[in-house]
Structure formats: structure tokens, C-alpha cells
Amino acid sequence: MYSSAYVWAKVLNHMEDRLGAVTVSAWFDDAEVVELNEEHLILYSSSDFRREIIRRRCTDYIQDALKEIFSSDAKLIVFGDDELNAYKSKGKGNTSMDFNPQFSFDNFVVGNSNRFAHGAAIAVTNTPGQVYNPLFIYGPAGVGKTHLLYAIANGIRKKNPDANIVYIKGDQFTIELIAAIQSGKNIEFRSKYREADLFLIDDIQFIAGKESTQEEFFHTFNKLYEEHKQIVMTSDRKPSDMLTLEDRLKTRFEWGLIADIQPPDYETRMAIIKNKALSLGLELSDDVCDYIAANVTNNVRQLEGTVKKILAYRDLNDMPLDLPHISRAIDDMFKSEGNALPTPSLIISQVCKFYSIDETVIRGTLKNKGTTEARQTAIYLIRKLTNLSLPDIGKEFGRDHSTILYAIRKVEMELKKGNESLQNNIRDITANINSCL
């Protein structure tokens, strides 16, 4: 019997292959599994707009994924607040989305680069709200920050099944706040977060520079902290390096414990490779593990992705698991440090996250102060961070090269004039882009 979290993770991966990761993230980041059985999959989303998108555009994809992966004929049902309240009033099961049980402390490989953060996470799990509150974990992408968040959630739920655990990503917090303001559901929004026993927020750096979001988060933080509810945050940088984060929030983030996670050292990489191979039923020789560990050095996610790729090559090509074959199969994953350039899509997606606008808007023709600044910032960063020509950048936005040149010069002019707000925005966005490489 698969857990609902495992099934939902597989369904999301299946849809990402067909719709793209950006699209799936846009429509499903706040979706929670309410119930999963042989007859139906019930999802909850607080957004009227998103529920309509899921029902109208994504039902077939979800049901096809369930059929293809699990041979399940379960039908999709999407709940809003009213349906969820009625469901809860009938005494139905826990409406909180399960956290993937694969993310636990038992399978988190501990090394010198993450030992401190791992120990802090265990302490928080054992005595939530009493020590290290808030716990702030920071480090580059793919080093295990989210794994620790989920491990804390799973550990606390095991101790207290009735605990109200709330998880959200920083950019999603902004999106939900905007939706709540537009629909007049501010009270419901605040209740969702301010009544949590455990509040987990991933990628908190995305609230920096957003005035209303920071104001809302400030009051949410204060209420939870005063009631001794545990708060755990992750970020790609420490609070003092978030240039557009309000000082009062920086101060609060530093009230508890700040723990960093760095890319794994060689010994830890070897252990991660062997653990992942074992979990997938692969037997890799020491020379193969050494080859991977010596060449894949950036993060845990890339290490695990390499092992998964080896599994795929073995299953699809009946490939022997010796060093010559494996080195040829995965050599495209080995990039010299500093050679990886961001794609225009990555830059645009990070700009959109920062400014809280949809990609269709930034690529479109809407002209207002916020949209224009976001669009010109994206154009400037693509020119600065990639090798694309002006005409090629123009194709990304449906504009000619003269318009692109004007946008670049406009940003450069503001930077030369000492526009501190824009300077900080570009610095933060660039850091977000780099953390994804």
C-alpha cells in the first residue's frame, strides 16, 4: 500500500514530464491531498482560480498518471474551503497532506557539512517550541534543507498525530496572500498559518522585498513565537545577506539558531551514492562510486540524480554496471565549475517569483510600473548572465532587438544613478538564479 504522499509525488513528476515543472509548480504548489483510496483522489486548494484550472485542464493528466503508474481508476475530486469544512464536519480523516516518509532522519546521510543542522533539527523534533525557535537552515540548492524540514514534520507527527503542521514555500506564501486579499479571505488565510503547531517555510528568501508579504509574515511569526509554536525556515542564504529583507524580520530570524549546510565532502558523497544505490537495488563497485563522488560535487540532488540515471540506463539499455559504461552514460552530467549558464526560462521564472507575477504577464504586453520593471530586469539579467544576442532575447519576449536594447539601457541607467532598491533586487534575484544551477 503506497502512502498518499508517495503517490502524489509520483503523479506530480509524471505531470512535470508532460506540462513542465514551472506549470506544475504554478498550479499545484498549494495543493494538499485530503484523501486517497481506490475510488478517488481528493485534493484541496484554497484558491478558486487554481481549483478551476486543476479541474478544467489537469484532471485528465492526473487520472492518466494514476492509471499508468499505479493501475488505479481513482477519480479526481477538488475541494475548496466549503467542501473541506463539510468533509471535516463529517468526521473524515486528517486533511493535512502527509509528508513523504522517505524523508526521515534515518536516511539522511550525516557528514561534516551538515552535522550541525542535522543535530539542531533532531533537537527541534524532540522539544518543539522550546529550544532553537526559530530554527533557520541555510545553504545552496540541493544539499538537504527540505529533507530536514520533512524529517522534522514526520518526526513530530509520529510523536503527536494530531499536531497541526503547516508547510509552505516562500513564493507560495505571497501568492496565497494576494489571492486572499483579492477574494476577501484574509481571516481564513491568517487562521491557516497562525494556528499551526509547527510552521515550516521553505525558501524564505522569496518574501524579501515584498512589503505586504513581509508585514503579514511578521505578525504570523510573532503570534506563533509568543505561543511557543515551533518555526523552521530554510533559505539559500543567511538573514544578514538578504538585502531587501526588513530589519525587524532579520532580527527575529536570528532569535533562535542559524545552521548552515554546505555541499557534501568526498566521504559524505560516497555514503550518499551507496545509500541511494542500495535503495534502488543497484550494486555499484567502489571504483564506480569513487568516479561519481569525484566528479559530482555540487549537491545531494545531483548525486541522487546520477544514480537514478544509471538505473535508467541499466534498465533501458541492459548496460553493464562497470566503470567504462557508466562513465560514458553520465559524462554529460559532469560540468566544470563555473561553466553552467542559466537558461532564459530559469531567469524569467526567478524574476517572476521575485515580483510575484505570472510568466505570461512578463512575456506579454501589459505595461504598468511593476510589470515593466520586472520585464526590464529579466531582459537585463538574460543579457548579463547568458550568451544570447539581442535578437535572441527579443524572441523570448516577442519584441525586436531595439526594444530589448532600450530595456537594458534603462536598467543600466538606473543602476548608474544609484537606484538602491533596483540594485538590491537584482542582487537577490541573481543569487536565487545561481542557487538553482
Side-chain angles (χ1 to χ4, degrees), residues 15-16 19-31 45-54 56-58 168-183 185 189 203 205-214 216 244 342-386 388 390-411 414 419 421-422 424-426 428-430 432-433 436:
M15 287 195 294
E16 285 180 358
L19 301 175
V22 173
T23 299
V24 172
S25 176
W27 303 133
F28 291 97
D29 258 7
D30 73 333
S45 173
S46 61
S47 165
D48 294 340
F49 179 65
R50 288 190 179 201
R51 288 197 302 277
E52 179 61 24
I53 290 292
I54 293 171
R56 184 158 46 88
R57 299 186 185 178
C58 303
I168 191 71
K169 292 183 178 180
D171 58 316
Q172 187 60 40
F173 189 84
T174 299
I175 292 172
E176 288 194 15
L177 174 60
I178 293 171
I181 294 172
Q182 291 175 338
S183 60
K185 294 184 177 180
F189 173 85
D203 293 325
Q205 72 270 11
F206 285 117
I207 76 167
K210 301 177 176 68
E211 185 176 343
S212 296
T213 303
Q214 292 183 100
E216 188 67 36
T244 55
T343 63
S345 295
L346 172 61
I347 294 171
I348 291 172
S349 69
Q350 292 302 317
V351 170
C352 288
K353 276 188 175 182
F354 187 87
Y355 284 96
S356 300
I357 62 175
D358 191 85
E359 288 192 29
T360 57
V361 175
I362 202 172
R363 294 179 187 270
T365 58
L366 180 65
K367 293 182 179 180
N368 56 46
K369 183 179 179 182
T371 303
T372 299
E373 179 179 316
R375 186 181 297 121
Q376 290 177 344
T377 299
I379 291 170
Y380 169 80
L381 287 172
I382 292 174
R383 180 62 169 174
K384 180 182 178 183
L385 301 176
T386 74
L388 265 63
L390 295 180
D392 287 338
I393 298 174
K395 291 177 183 177
E396 293 288 334
F397 297 89
R399 288 163 169 79
D400 59 35
H401 75 282
S402 62
T403 304
I404 298 300
L405 183 59
Y406 171 82
I408 294 169
R409 288 177 174 171
K410 180 70 173 177
V411 174
E414 288 297 313
N419 186 328
S421 174
L422 183 59
N424 291 337
N425 290 349
I426 289 176
D428 277 355
I429 296 168
T430 302
N432 294 339
I433 292 168
C436 296

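Because the structure is a prediction, the values reported are computed rather than measured.
- At a threshold of 4.5 Å between non-hydrogen side-chain atoms, the residues L177 and K210 do not count as touching.
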Note to self: Go through it in stages, so that I can follow the logic: the residues are E414 and E373, the test is side-chain contact (heavy atoms from CB on, under 4.5 Å), and I'd like the CA-CA distance, side-chain angles, deciding distance and then a yes or no.
What the structure shows: CA-CA 11 Å; E414 288 297 313; E373 179 179 316; over 6 Å; no

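- Side-chain polar atoms of D400 and T403 form a donor-acceptor pair below 3.5 angstrom.
- Contact check for F397 versus I348: side-chain heavy atoms found under the 4.5 Å cut-off.
- Taken to the nearest 0.5 Å, the CD atom of E396 stands 8.5 Å off from the CD1 atom of I393.
- Looking only at side-chain heavy atoms (C-beta outward), Q376 and L422 stay at 4.5 Å or farther from each other.
- Atoms CD1 and CG, on I382 and D392 in that order, are 10.5 Å from each other to the nearest 0.5 Å.
- Listed here is the closest heavy atom pair of G364 and R375: O-NH2, 3.2 Å.
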Item checked: Candidate pair E216 and I181, rule side-chain contact (heavy atoms from CB on, under 4.5 Å), full reasoning -> CA-CA 11 Å; E216 188 67 36; I181 294 172; over 6 Å; no

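- Q172 contributes atom CD, which lies 14.0 Å from atom CD1 of I207 (distance to the nearest 0.5 angstrom).
- Annotation: the span from Y380 atom OH to I404 atom CD1 amounts to 15.0 Å, rounded to 0.5 Å.
- Taking each heavy atom of I357 and A374 in turn, the nearest pair found is CD1-CB, 3.7 Å.
- Looking at T430, its side chain does come within 3.5 Å of a backbone N or O of I426 through a donor-acceptor pair.
- Using a 4.5 Å heavy-atom cutoff, the side chains of Q205 and D428 are not in contact.
- The closest side-chain heavy-atom distance from K353 to N432 is not below 4.5 Å.
- Between the side chain of R399 and the backbone N or O of G394 there is no donor-acceptor pair closer than 3.5 Å.
- Considering all non-hydrogen atoms of both residues, Q214 and G209 come closest at NE2-N, 3.5 Å.
- In terms of heavy atoms, I347 sits closest to A378 at CG2-O, 4.0 Å.
- A distance of 4.5 Å separates OG in S356 from CD1 in I178, rounded to the nearest 0.5 Å.
- The closest side-chain heavy-atom distance from I408 to L390 is below 4.5 Å.
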Margin query: Let's go through F206 and K169 carefully: what are the C-alpha distance in whole Å and the side-chain angles of both, what is the deciding distance for side-chain contact (heavy atoms from CB on, under 4.5 Å) to 0.1 Å, and is it a yes or a no?
Written below: CA-CA 8 Å; F206 285 117; K169 292 183 178 180; over 6 Å; no

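- Closest approach of F354 to A208, counting heavy atoms only: CE1-O, 3.8 Å.
- Here the closest heavy-atom approach between residue L385 and residue P342 is recorded as O-CD, 3.6 Å.
- Taking 4.5 Å as the limit, some side-chain heavy atom of Y355 sits within range of a side-chain heavy atom of I429.
- The closest side-chain heavy-atom distance from F28 to M15 is below 4.5 Å.
- In the displayed structure, K185 atom NZ is contacted under 6.0 Å by more than 12 heavy atoms of other residues, nucleotides or ligands.
- Side-chain N or O atoms of R383 include one that pairs as donor or acceptor with a backbone N or O of L388 at under 3.5 Å.
- Considering NZ of K395 and NE2 of H401, their distance stands at 13.0 Å, rounded to 0.5 Å.
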